[in-house]
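Heads up, the thing below is written out as structure tokens.
Residues take their numbers from the sequence shown, with the count starting at 1. Values below: all heavy atoms of this structure, side chains included; hydrogens, waters and symmetry mates excluded. Both counts, for ligands and for their atoms, begin at 1 and track the order of listing.
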Amino acid sequence: MERTLIILKPDAVQRGLMGRILSRFEDKGLVLVAARFRKLDESLLAQHYKDHEGKPFYAGLVRFMGESPVLVMVLEGVEAITVCRKMMGKTFGRDAEGGTIRGDFGVSRSYNLIHGSDSPEAAQREIALFFDADEVIEWQPAGHKWVYDAEDLG
Ligand code: UDP
Ligand code: MG
């Protein structure tokens, strides 16, 4: 099992898309193990986006992400990081394939609805940035044994 940090960005919240996006992950079989609805301040955003500091879009990105509340979540599943990135689609809505979250819901470059960790190292760092260890809940949905077979679980 792997965990990934997902943020439904201010545009997803303001456009009333939170439920529809979360439904896609639930439908896929990913399990919500932590969630918090909050506004992100500049220092937290600077830590979260530290790898992008100095890039031309950085200032605009931090301004956008702090403008309005976001839904921060941890999702769990086998290969959750890759599965979620595939479901999100390419970074810019205009490039993202239909059937992906960004492809179906957006046309913008920066207003692209969702963040998802891009590696196990990033996931570990990002989850620790937004949640204390005891805020990530170990649980399994009732139907879980019909989502993965023994081979999937290695
Ligand atoms: N972004 C932007 N302009 C760019 C590249 C990125 O506004 O030219 C924003 C966009 O919101 C993106 C975020 O910065 O989601 C982080 O960029 P990254 O390359 O990590 O894309 P992601 O991993 O989110 O697909
Ligand atoms: Mg990224």
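- Taking a 6.0 Å sphere around CH2 of W139, one finds it holds more than 12 heavy atoms contributed by other residues, nucleotides or ligands.
- Using a 4.5 Å cut-off on side-chain heavy atoms (C-beta onward), V78 and M1 make contact.
- Remark: E42 CD is loosely packed, at most 12 non-hydrogen atoms of other residues, nucleotides or ligands lying under 6.0 Å away.
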Does ligand 1 have any N/O atom under 3.5 Å from a protein N/O, and what are those pairs and their distances?
from	atom 1	to	atom 2	distance (Å)
ligand 1	11 (O)	K9	NZ	3.1
ligand 1	11 (O)	S110	O	2.9
ligand 1	11 (O)	N112	OD1	3.4
ligand 1	15 (O)	K9	NZ	2.9
ligand 1	15 (O)	N112	ND2	2.7
ligand 1	20 (O)	H52	NE2	2.9
ligand 1	21 (O)	T91	OG1	3.4
ligand 1	23 (O)	R85	NH1	2.8
ligand 1	23 (O)	R85	NH2	3.3
ligand 1	24 (O)	R102	NH2	3.0
ligand 1	25 (O)	T91	OG1	2.6
ligand 1	25 (O)	R102	NH1	3.0

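- Heavy-atom minimum distance, E2 versus A80: OE1-N, 3.2 Å.
- A centroid separation of less than 6.0 Å is found between the aromatic rings of Y111 and F64.
- The pair D27-R20 does not meet the salt-bridge criterion, since no charged nitrogen lies less than 4.0 angstrom from a carboxylate oxygen.
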